[in-house]
Enquirer: 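Take a look at the following structure, please.
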Amino acid sequence: MLTGIHFLLSYKCDLECEHCFVYSSPRARGTFTLKQMKEVLSELPKIETIEWVYFEGGEPFLFYPLMYEGIRIAGGMGFKTGIVTNAYWAESEEDAELWLKPLRDLGVSDISISDDAFHYEDNDTSLAKHALNATRKLGMLCGSIGIDKPTVEGGIDKEQDKGKPVIGGGVMFRGRAVEKLIEGLPRRPWEEFTECPYEDLKNPERVHLDAYGNIHLCQGLSMGNMWDAPLSKIVKQYNADSHPICGPLVDGGPARLVKEYNVQHEDEYVDACHMCYLVRLALLDRFPKYLAPRLVYGL
Ligand code: SF4
């Protein structure tokens, strides 16, 4: 049951993190217009199950007036609202309060702040800390997101992984992380990746929407394009089994996807997402409606 809609308000970000799975950067484009955002919001009640509307990116605070207006409208429609930000704007606690207070007054339910070595080298004095302290002072519900550089741990992850190295750190090997962070990590045979470990592609609980109309089930894996047909209609008609990419992934993970389309592939991958991302990249021109936008694949 789809309960969460996440606006990728823009792909533009002030940072260019190595682990970013949507290839955001200061040069990235793809920003919602107010008209587009309102069009999407007007579709949400028709889906009937939506509870949450999130604003993220890229960096949504780069488009503060648009984000503010989106939160105002969504809140007025009765949805709970949230934001994900890197807190680039929090020069001090006092300044952070200036940015946050209007959002608190709008009734934002949740704010998640990136606070890790990818975003800030010195965590003790980071902008994120200023923002976190300011949210607490303002009585806002807030959490931090911390992702570390990949590490190889000798531990045991799951029963079937017994004795195999576990990659720690929480990086998802999609997007720029595949280009920047894969080198030197241990790999496993491709046949082992027979399921999608993170997304419930059959019954998704949340999707991410971008200004190009893509309805992301996972980054770069789209349910369809909401500028071609109404969002509510696409969501209601979605059936993973008849989706050309999700069908095989649900059936047998990335390993099934390569067999389905006879994709040339490597012998070993770091994890299922690493394999899935590269196989999807190879299928991009064949399924442009479902594997989009190209910028999420670094193109
Ligand atoms: S990259 Fe593929 S395997 Fe990983 S979560 Fe996304 S859909 Fe699932």
Side-chain angles (χ1 to χ4, degrees), residues 16-25 116-118 147-202 204 208 214 216-223 240-299:
E16 193 166 348
C17 296
E18 287 181 325
H19 71 311
C20 182
F21 39 52
V22 293
Y23 266 96
S24 282
S25 78
D116 55 48
F118 282 114
I147 295 173
D148 294 321
K149 306 253 177 193
T151 51
V152 182
E153 298 160 7
I156 294 166
D157 187 7
K158 290 186 285 181
E159 199 52 28
Q160 67 264 35
D161 286 338
K162 217 169 263 188
K164 291 175 185 164
V166 174
I167 313 286
V171 169
M172 296 288 182
F173 292 104
R174 317 165 193 158
R176 194 180 285 128
V178 170
E179 187 191 319
K180 301 281 185 186
L181 299 171
I182 284 288
E183 210 179 306
L185 293 176
R187 297 180 180 228
R188 290 157 51 190
W190 69 274
E191 298 97 325
E192 289 187 13
F193 301 116
T194 55
E195 62 180 7
C196 164
Y198 300 114
E199 303 290 348
D200 186 349
L201 299 172
K202 227 172 161 53
H208 288 74
N214 300 300
H216 299 249
L217 291 148
C218 179
Q219 290 75 24
L221 173 55
S222 183
M223 199 183 260
D241 295 334
S242 55
H243 187 288
I245 308 298
C246 295
L249 282 176
V250 168
D251 198 31
R256 179 78 188 85
L257 190 60
V258 295
K259 287 182 199 155
E260 179 77 18
Y261 298 113
N262 202 16
V263 179
Q264 285 210 329
H265 58 85
E266 296 172 23
D267 291 338
E268 297 181 314
Y269 295 91
V270 169
D271 66 6
C273 294
H274 178 211
M275 178 173 181
C276 178
Y277 174 78
L278 290 180
V279 173
R280 288 198 268 126
L281 182 61
L283 291 169
L284 220 57
D285 291 334
R286 212 158 147 193
F287 300 102
K289 183 173 162 189
Y290 299 107
L291 298 174
R294 294 175 75 85
L295 73 88
V296 164
Y297 292 88
L299 302 172

Enquirer: Using a strict cut-off of less than 4.0 Å between a Lys/Arg side-chain nitrogen and an Asp/Glu carboxylate oxygen, indicate whether Asp285 and Arg294 qualify as a salt bridge.
Expert: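 Here Asp285 pairs with Arg294 in a salt bridge, since their nearest N and O are under 4.0 Å apart.
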Enquirer: Is any side-chain heavy atom of Cys276 less than 4.5 Å from a side-chain heavy atom of Glu199?
Expert: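 Counting from C-beta outward, Cys276 and Glu199 never come under 4.5 Å.
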Enquirer: Any idea which heavy atoms bring Ala240 and Lys202 closest together, and the distance?
Expert: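 Smallest heavy-atom distance, with atoms named: CB-CA, 3.9 Å.
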Enquirer: Rounded to the nearest 0.5 Å, how far does CG of Asn262 lie from NZ of Lys259?
Expert: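 Answer rounded to 0.5 Å: 12.0 Å.
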Enquirer: Roughly how far, to the nearest 0.5 Å, is CD of Gln219 from SG of Cys20?
Expert: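 Cys20 SG to Gln219 CD: 9.0 Å, rounded to 0.5 Å.
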Enquirer: Hey, does His265 have a side-chain heavy atom less than 4.5 Å from the side chain of Pro254?
Expert: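 The answer is no; the side chains never approach within 4.5 Å.
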Enquirer: Enter the distance from Leu295:CG to Ser24:OG here, rounded to the nearest 0.5 Å.
Expert: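 It comes to 8.0 Å.
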Enquirer: Looking at every heavy atom in both Ala255 and Glu191, which two are closest together, and how far apart are they?
Expert: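 Nearest pair, atom of Ala255 first, then Glu191: CB-O, 4.3 Å.
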Enquirer: What distance do Lys180 atom NZ and His19 atom NE2 have between them, rounded to the nearest 0.5 Å?
Expert: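 Going from the NZ atom of Lys180 to the NE2 atom of His19 covers 14.0 Å.
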Enquirer: So that I can tick it off, tell me whether Arg188 and Asp271 are bridged by a salt bridge, with the cut-off set at under 4.0 angstrom between side-chain N and carboxylate O.
Expert: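 Salt bridge: no.
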Enquirer: So do Val263 and Leu257 actually touch side chain to side chain, heavy atoms under 4.5 Å?
Expert: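 Side chain of Leu257 against side chain of Val263, heavy atoms only: no contact under 4.5 Å found.
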Enquirer: With ring centroids as reference points, do Tyr297 and Tyr23 lie under 6.0 angstrom apart?
Expert: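 Distance test on ring centres: not under 6.0 Å, no.
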Enquirer: Are Leu201 and Ile245 close enough that some pair of their side-chain heavy atoms sits under 4.5 Å apart?
Expert: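 Heavy-atom side-chain distance check fails, nothing below 4.5 Å.
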Enquirer: In Å, rounded to the nearest 0.5 Å, how long is the span from CG of Leu217 to CG of Leu249?
Expert: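 The CG atom of Leu249 is 10.0 Å from CG of Leu217, to the nearest 0.5 Å.
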Enquirer: Mark yes or no for whether Arg174, through its side chain, and Val296, through its backbone, hold a donor-acceptor pair below 3.5 Å.
Expert: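 It does not hold such a pair.
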Enquirer: Between the main-chain N or O of Cys17 and the side-chain N or O of Arg176, is there a donor-acceptor pair closer than 3.5 Å?
Expert: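 It does hold such a pair.
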Enquirer: So, do Arg187 and Asp267 sit near enough that their side-chain heavy atoms are less than 4.5 Å apart?
Expert: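 Arg187 does not reach Asp267 side chain to side chain.
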Enquirer: Just by modelled atom types, is the Ser222 backbone N or O under 3.5 Å from a matching donor or acceptor in the His243 side chain?
Expert: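 A pair under 3.5 Å: yes.
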Enquirer: Do Val178 and His274 have side-chain heavy atoms sitting under 4.5 Å apart?
Expert: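 Val178 reaches His274 side chain to side chain.
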Enquirer: If I compare all heavy atoms of Tyr277 with all of Phe173, which pair ends up nearest, and what's the gap?
Expert: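 Minimum heavy-atom contact is CB-O, 4.1 Å.
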Enquirer: Do the side chain of Tyr261 and the main chain of Pro244 share a donor and acceptor less than 3.5 angstrom apart?
Expert: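 Yes.
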